[in-house]
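Here the structure is laid out as structure tokens; the discussion comes afterwards.
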Number of protein chains: 2
Amino acid sequence: MSIQTPIPVRDVSFRGLRQSCSNCSLRELCLPVGLNQDELRQLDTIISQGRPIKRGEALYRAGEPFRSLYAVRLGFFKASVISEDGREQVTGFHMTGELLGMDAISTDFHTCDAIALEDSEVCELPFGDIETLARDVPALQHHLYKVMSREIVRDHGVMLLLGNMKAEERLAAFLLNLSQRFAVRGYSAMSFHLRMTREEIGSYLGLKLETVSRTLSKFQDQGYIKVQNRLIELVDVDSLKRLLNSCQG
Amino acid sequence: MSIQTPIPVRDVSFRGLRQSCSNCSLRELCLPVGLNQDELRQLDTIISQGRPIKRGEALYRAGEPFRSLYAVRLGFFKASVISEDGREQVTGFHMTGELLGMDAISTDFHTCDAIALEDSEVCELPFGDIETLARDVPALQHHLYKVMSREIVRDHGVMLLLGNMKAEERLAAFLLNLSQRFAVRGYSAMSFHLRMTREEIGSYLGLKLETVSRTLSKFQDQGYIKVQNRLIELVDVDSLKRLLNSCQG
DNA sequence: GATTTTAGTTGATCTAGATCAAGTTGTGGC
DNA sequence: GCCACAACTTGATCTAGATCAACTAAAATC
């Protein structure tokens, strides 16, 4: 199972990229599959130009009124909920092409924080407008349902991970998932830079930062990976996968 | 925080109940708020009669092709995903008025099993038809987005629970959540029958059945609850809530 | 209504991962 | 380029919850 379903970029939410309209032509960046020229033009009028978010800044925070969904155009985000007593639970890491903010539709307020882990850029998609357009464009309507459904499936995968797996299995699943998602976006599957701290990984995986650190070291000792600070190289992917398959939790 | 957001029944998915059309008049049972007479009539034509599911039977199973969402009309379900190596993770318990199957929109196949934990009855909502109708009925379209969003928020709550909380906190959250949801449906908030085994509770909460049993006994010893097999009586709700608020995980 | 089966409790022990602690490395700010 | 602070590693110890085990109680089944 994969904790963050690896999906071809074209399916993630919106795809493509062209430098025409300023920096964020929805026409190509945020293009749901199967729209015709006219429908695309309509979409373009709705979607705002790219908005840059500096590393460390919040795209939105829990409690803020909901207006728009955001498509990550470039960069890397973490989403997290904070419990009343201040504990943070990272609910996901989001990269190019993924959609943020769907949790907020429920109450018209954001229920989690979205923080940029590197300098990033998003497309703002005003939800009211999107919803209206979706009525005229069945493909868009269906696409939105699909993207939300996929988020639910992903969350179930995380529950399975948190509820059933041991530390090594969690880390292996996490690394393999990241690897796949980078690969899909044209980056190396075998070597990548972690944008998040050990503590954030731990929060996502239900582990303490020391356990994350130790487990990474263990993987390195066993020759599964090489770790240099936040640079990860996957050396023996099969062994990592075996860790996952043979997990008898 | 609540692991399974307590929501007034009218918001859960569809509401109302009348004995007119056989046993499952959508007109009242599965009525999204804010539809007019004509829209209701349209809905009625789409939705199938109530379908009974016996205790222990599956409403659907992972891998089956997706056709419809299901509104629980009566009864109690568990939803669970099974990992490749056979581990079960219960992803939720669902009662009257809640919607099942939204995870399947993503791939057009169900990704989890839905098993009745008592004799139950559901309304089948063919998704294609619902989607088509939603184009003409903005309130219905928006309602569907909301329901799916709410599921995402609920899942984030479970992640927080699984990632951060200790056994006692998880159990307290679980009992309080059940209590609220029963209350909303007109049943007693202080005393209710658990439809699931200790093992199923444990699977949902990321605990072993022995730990669930022990923790319930502990709560009873401390005078928080009374346990008689599957009958739970909440004696000291405040203490249970305090357990949750003061959790310093 | 007796019997088999399944669900639940409780105790003893073990262990994965948390916690505490000390040191190292890396990074952003001036 | 130096300083201060944040991120990371590694070791020693502790503990919540898992595991193993034995027993009891409640349902199904015949």
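Labels below follow one simple rule: chain letters A, B, ... track the order of the sequence lines, proteins then strands, and each chain is numbered from 1. Keep in mind it's a predicted model, so treat the numbers as computed, not measured. The basis for the numbers below is simple: all heavy atoms, side chains too, and nothing from hydrogens, waters or symmetry mates.
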Any salt bridge between A/Glu118 and A/Arg230, counting N to O under 4.0 Å?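 No, this pair does not count.
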
Is B/Arg185 salt-bridged to B/Glu98, going by a charged N under 4.0 Å from an acidic O?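 Yes.
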
Closest to side chain of A/Arg198, choosing from D/dC8, C/dA7, C/dT19: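 The closest nucleotide is D/dC8.
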
Between D/dC8, C/dG17, C/dA18, spot the one nearest the side chain of A/Lys166, thanks.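 Nearest nucleotide to the side chain: C/dG17.
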
For the helix from C/dG1-D/dC30 to C/dC30-D/dG1, figure out the bend between the end axes, five pairs an end, and round to 10 degrees.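 Here the local axes at opposite ends form an angle of 70°.
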
More 5' along DNA chain C: A/Glu168 or B/Asn229, using each one's nearest nucleotide?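 Per heavy-atom nearest nucleotide, the more 5' residue is B/Asn229.
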
Value in whole Å for how far the [atom2] atom of [N] lies from [atom1] of [X]:
X: A/Leu207; N: C/dT19; atom1: CG; atom2: C1'; result: 14 Å
X: A/Glu118; N: C/dG28; atom1: CD; atom2: C1'; result: 17 Å
X: B/Glu199; N: D/dA18; atom1: CD; atom2: P; result: 12 Å
X: A/Leu231; N: D/dT9; atom1: CG; atom2: C1'; result: 17 Å
X: B/Leu205; N: D/dA16; atom1: CG; atom2: P; result: 18 Å
X: B/Asn164; N: D/dA16; atom1: CG; atom2: P; result: 17 Å
X: B/Leu209; N: D/dA22; atom1: CG; atom2: C1'; result: 14 Å

So which of residues 210-218 of chain A are in contact with DNA chain D, with a heavy-atom cut-off of under 4.0 Å?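 By residue number: A/Glu210, A/Ser213, A/Arg214, A/Ser217.
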
Counting only heavy atoms not in A/Phe182, do more than 12 sit closer than 6.0 Å to its CZ atom?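 Atom CZ in A/Phe182 is crowded, with more than 12 foreign heavy atoms closer than 6.0 Å.
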
If you count heavy atoms of other groups shown closer than 6.0 angstrom to CD of A/Glu199, is the number above 12?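 Not more than 12 within 6.0 Å, no.
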
I need the B/Ile53 CD1 to B/Phe77 CZ distance, nearest 0.5 Å.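 If I round to the nearest 0.5 Å, the distance is 5.5 Å.
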
Compute the centroid of each ring, for B/Phe93 and then for B/Tyr204, and state whether the two points are separated by less than 6.0 Å.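 So the answer is yes for these two rings.
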
Any donor-acceptor pair under 3.5 Å linking the side-chain atoms of B/Ser68 with those of B/Glu124?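 Result is yes, a qualifying pair exists.
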
